[in-house]
J.: 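Sharing a structure below in structure tokens format, with a few things to ask.
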Amino acid sequence: MNTDNLDLRINNADDEDLPAPPKKTMPLFYVVDNSGSMAGDKIQTVNAALEEIMGLLDEISKSNDDADIKIGCITFDTSAKIITKTPVSPADFKYEITTNRGLTALGDALTKLDWMLSRDHFLKGDNFVRPVIIFLSDGAPTDEWESKLKKLSENNWYKYALKFSFAIGKDANEPENKSILMKLTGSKSDELVMEVNNAVKLREYLKEISVVASKFNTRSATTNASEDPEEMAKDVKKEAKKNAQVDPATTGKNKGKDPFGTNW
Amino acid sequence: MKRFKAFTSSVIGREHVRSGKVCQDSVGSYEDDDMVIAVVSDGHGSPQYFRSDRGSAFAVEVSLRCVREFISSFDLHGSCDSSLLPLSELDDPDSAEQYLHRLEESILVEWSNMVEEDRYKDPFTEEDLAPLSPKYRTRYRGDLYPHAYGATLIITAATERFWFVIQMGDGYAVKTGRDGSTDVALELDPLCQFNISTSLCLEDAMEHFCHVFSTELPAALFAASDGVDDSYVSRELLTDLYESIVIGFGNGFEAGKKKVEDFLPVITRDGKGDDTSMVGIIDVSVIEKIAGECREKRRKRKDAAHISQTSDEPWDGLSEPQGDAADLSEDMPEPGQIQDGSEDTGDGSAAQNEDTAAETAAEPIAEEGDNA
């Protein structure tokens with residue numbers, strides 16, 4: 001049981017003082033496919049994006065009186081690994097995700113996420129608000145995932161979280177694989193699945209989704225806690241797409257085309 | 001009543017002020033030589049519960065009346081008045097259970113009557129209904145209009161011989177015993193999670209009352225709307241808060257009451273931002289001694305915390321250096337293992353209650369909704 005908050009307040013406060021409500025914490029989870037097919041440009045882009053994102057999230061956290069942001073991270077290849085045993089501030093998240101020639105154990109990742117989403121484990125001690133969860137994958141899972149997702153869906157932290165999926169590359173955007181990523185968002189439409197087929201899109205959308213979702217959710221820690229998470233997530237995506245610097249060319253021979261190509 | 005005294009305090013939520021909403025919490029208390037009663041009710045915040053401020057006020061009014069009548073129906077002084085029920089009727093747990101059940105029924109019936117009367121005298125207008133979804137407009141033109149008055153309820157009551165708490169919906173009742181221990185008096189209905197709560201307005205509301213009854217008198221009883229416990233979300237933070245409040249009452253009843261009154265605005269300002277209300281019953285004959293014991297316990301905890309902070313054990317904020325996988329704790333499920341939440345989480349029952357969804361029937365739950 002993490003009693004850091006409690007003990008510090010007892011240490012610092014006069015016995016006669018009533019303990020002030022602790023600042024809220026918004027947990028932001030990244031569930032990252034680091035199977036063999038993510039090697040090279042894809043995982044490098046994820047790492048570069050996360051490094052940039054952590055700087056931005058640190059600023060948001062520091063400037064926000066209502067809530068801090070803390071990071072949780074799971075990677076999954078042949079098995080899933082919890083990278084952050086306890087919630088980590090963005091400034092302290094300095095983890096470089098690597099790939100082996102591994103498979104894609106999404107089911108194991110979902111099991112571990114379910115375990116983390118508990119006040120007895122990752123979410124203990126602090127005044128946590130609903131999480132933001134971002135899934136990133138470039139292909140089909142290779143383990144049994146459906147029963148794990150069903151179990152995870154009974155977890156209220158997951159149920160009320162803002163959830164997004166990133167379909168990285170051509171394989172992930174095949175209808176069958178995209179449907180899996182859609183199910184991870186808890187939505188019946190694929191509106192919360194971000195299709196990214198090049199490094200620029202991945203970096204920009206991941207950055208904007210992370211930043212906008214964090215701003216929305218830390219603000220809504222006190223005002224909009226009742227809003228439907230799917231509707232909130234759609235609003236986040238709309239805002240994020242507006243901000244991302246990935247517009248198709250508007251003039252010239254490439255007008256309307258993706259200026260960054262479809263490398264993946 | 002010489003031994004017990006009641007206090008009530010309520011502040012409008014920071015977010016309600018910002019959005020121009022009225023305070024939807026209501027509080028009330030009653031004291032005489034035989035009993036002390038303190039009640040808090042929290043009207044739901046979503047737009048469809050647009051008369052929940054009235055609903056919570058009705059809840060407090062009928063609760064005080066019904067509980068007063070209930071307690072007065074017992075022969076508290078052994079007078080052998082045949083018009084009164086013998087106190088021994090409450091010695092048997094099943095019998096006490098039935099009496100409390102009937103009390104809850106009477107509260108619900110009288111609340112429903114007040115709602116019906118209010119709607120009759122002041123019918124819903126098209127302006128009231130216009131902002132609502134078609135679903136709610138249809139409901140409120142039909143028989144489900146009580147939903148507009150939806151509210152939670154916590155009643156605390158004490159006599160020289162017994163005490164009880166009755167609860168519908170969220171918020172916590174907390175008890176400090178004569179041994180100085182402070183803990184939640186009643187566990188929440190499992191259906192009350194996140195911003196969802198059971199409510200007086202539900203068609204099956206009788207199924208969702210919870211209560212506790214005891215003849216072991218407490219040192220203090222508290223009840224608060226969820227504006228408090230949503231700002232102190234863990235059991236440890238919540239009991240720490242109430243222990244501090246008990247310590248405050250050790251300096252005298254009025255001093256303790258003022259401390260609470262001065263602090264509720266801090267909770268709404270720095271915490272959830274909701275309407276924040278607290279009521280309590282204090283045994284003034286023992287509270288100074290109990291407060292001293294609580295103070296001593298906190299000092300010991302403080303000393304123990306200081307020792308652990310200065311020990312050599314490092315705080316593990318990030319499990320592994322770059323490039324390596326994290327160690328997993330022992331009870332972490334292995335790949336391929338289907339996790340049974342009750343087994344794998346150590347403290348399985350607490351995790352189960354908090355983190356797994358309750359069964360939801362088609363329409364039993366009221367969404368408290370937007371608290372802004």
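Fair warning: this is a prediction, and the values are worked out from it, not measured in the lab. Naming: A, B, ... by sequence-line order, numbering from 1 per chain.
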J.: How about B:Lys259: does its NZ atom have over 12 heavy atoms from other parts shown lying under 6.0 Å from it?
T.: yes

J.: For B:Asn251, which atoms come within 4.5 Å of any heavy atom of chain A: side chain, backbone, both, or neither?
T.: side chain

J.: Quick check: closest heavy atoms across A:Pro19 and B:Asp240, and the distance to 0.1 Å?
T.: CG-OD2, 3.5 Å

J.: With rounding to the nearest 0.5 angstrom, report the CZ to CG distance, B:Phe263 to A:Asp17.
T.: 8.5 Å

J.: Is the backbone of A:Pro22 close enough, under 3.5 Å, to the side chain of B:Tyr232 for a donor and an acceptor to pair up by distance?
T.: no

J.: Which distance, rounded to the nearest 0.5 Å, do you find between the CG of B:Asp262 and the CG of A:Leu18?
T.: 9.5 Å

